[in-house]
Structure formats: C-alpha cells, structure tokens
Amino acid sequence: MGGVLAEHQHGKGRVRLGRVWREGAVHHMVEWTVSTMLESDMAHAFTTGSNKGMTATDTQKNMVYYVGKQCSSRCTIEEYATALGKKFVDEYPLVSKAKIWVEQAPWKRVMVAGQPHNHGFAQYAPATRTTYVEVSKTGPVEVTSGLKNFKVLKTTQSGYDGFLHDKYTLLGDTSDRIMATSITSTWKFTSPVPNYDAAYEAAVTAITETFYGPPDKGVFSPGVQATLYQMANAILAKVPQVGSVFFNLPNLHFLPCNPVTSKFDNDVYIATSEPHGDIEATVTRQGVQPHCKL
Ligand SMILES: O=c1[nH]c(=O)c2[nH]c(=O)[nH]c2[nH]1
C-alpha cells in the first residue's frame, strides 16, 4: 500500500433544513439543501485507520442545523453558507478549508384573494437558487452564486443555420423554431457584495431580458451558443461584483410533427427532453480566471 494519498476531504451530502422566521403574524420560510466538505489534517484516517481528531460527517450534519438556529434573523444562502464555513474553520483546529453548497427550494408566498398570505407558501416553478462558498483559515471567503432548473421557452425568434452539412447531417436550416432550455448558471464574485438578494435578482433579470427580448417583438437568437454568450455578458454588465459566469444550456428540442391528416404548420410539435443538445461555456472579465463549473 505505497500509493500516495494525493488529495482528501470528507463531508455530508444533501442535508435538508427548514427555517422559519416569525415576524409577528407574518412568517418567512426557507428550505435549504446543504452539502459540506472539509479539507483537514486527516490523512492518517485514510492511511492508518485512526480517526483521531476527525470532525465526523454526522457532526457536520448537526452543525448545519445548529448554524441554522444561530441565524436569528432572515438571511441569504450566501450569508448562511459563509457562517457555516466559518464555524467549521474556527471550531476545529485540523480543518483548513470548508466548502459549502446550498440550494434554496423555490417556495413563494401565496396570494389568496389578492392578498399576500401571512404563512402560506407554494412552489410555482422549479427554479432553484444555489450557492457554493469556500472558507479557509487564511485567505478570503470565496462566494459563487447561481441557479438551476430554470426552464425558459420562446415560440419564435430563434433560428439555426450555417452549420456543417455533410452526408451524416439530417437537420435542415431553420429561421423559425421553438427555443427551450433548462438553465444552470453559476457566477463567481470577485469583490464584496452588499446585498446578495439584489445581486441574484439582477442576474435573473439579465438572463430573462436577454433570453426573451422586449415583450412585444422579442429578440432573435441565431443559436443557443450566441444567446449563452449574451446572457453571460448581461450578468457581467448588471452585477459589477461578478468576475466569471458559467452556463450549461441543454437544447430541449420541440420537433416538427406531421399529424396524420396534415403537414407541419409551425403548430404541432413532438416535445422531447432526451436526447438533448448540451451547450456550455464560461465567460470572464478580462484578466479574471474562470471559476470551475461546480
Ligand atoms: O442552437 C443550436 N446549437 C447547436 O449547437 C445545435 N445543434 C443542433 O443540432 N441544433 C442546435 N441548435
């Protein structure tokens, strides 16, 4: 057993936490799925079998709830992840770096009879806000935010042509098609963020304005690749603290359908999720290193 233990870490995956802040009759609620990873002086656990000094993954799970309790007033996932990461590196001498992932379930306050409900919530869409935070004993806290499962679609203002046509190609050029994708994006901050909620809303606005264009006319997309690049640039323009933006965009095809008695007339489609195109890229400001896609 002479192999070199090159890297190691240990953590707890997908710990689910509900947190309610009761402000009088009006309640605020979040549901978070938290994953942790600790880099620590624990090589001996792998190479000798001794677990001396180890922060057990069960303890890491307990800390998820403990720090949730400590957040006595409403906070963002970025603030929570930073507090949790700090707790690990401050509490445990052998831990050099804590890596924290948090996903926020899309609970929204419901409207009943036109009024916001005091304590009722619903999920209207599966878009999930995400964060990944690294806290080391030395060095700055590194925060990456994002979203996943954000399904967007437009029924026109999308085309795809000019690609290589050879004997293996069946797809024809098109100047009008449905464009649909399920957006996963992460954006890494390179300077302090005064308000993570505002930064998130600005990034989502940048994505939607760029994808759809103005409400009356929309905006033409010549391909998923070009739209991806434009959306990333829109985030860089709208959120000055962001240095690097990653997108993964599956191309969810709606295929022209010829119902038995008629021809396709831009009206009936075969909706598919598989197989799908898969298009991704990272776009950075000049001189900024791309962040890893997570
Ligand atoms: O926008 C697109 N990009 C592609 O790379 C691609 N490939 C494909 O078959 N259709 C599309 N559409």
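Quick note: numbers below take in every heavy atom, side chains included, and nothing from hydrogens, waters or symmetry partners. Index from 1, following the sequence. Counting starts at 1 for both ligands and their atoms, following the listed order.
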Name the closest protein heavy atom to atom 10 (N) of ligand 1, giving the residue it belongs to and the distance to 0.1 Å. Y160 CE2, 3.4 Å
Can you tell me if R177 contacts ligand 1 (heavy atom of the residue under 4.0 Å from the ligand)? yes
Are side-chain N/O atoms of N62 and T59 paired as donor and acceptor at under 3.5 Å? no
Is there a polar contact, in the sense of an N or O pair closer than 3.5 Å, between N251 and ligand 1? yes
Nearest-contact summary for atom 5 (O) of ligand 1 - protein heavy atom, Å: Q225 NE2, 2.9 Å
Look at the aromatic rings of H165 and F163 and report parallel, tilted or perpendicular, splitting at 30° and 60°. parallel
Run through T144, T284, T186, T190 and flag the one making a side chain to side chain donor-acceptor pair (under 3.5 Å) with H291. T186
May I ask you to check whether E103 and W32 show a side-chain donor-acceptor distance below 3.5 Å? no
Decide whether an N or O pair under 3.5 Å exists between L171 and ligand 1. no
Aromatic ring pairing H8/F46, orientation class (parallel under 30°, perpendicular over 60°, tilted between): tilted
Subset of ligand 1 atoms that lie under 4.0 Å from at least one heavy atom of G223: 1 (O)
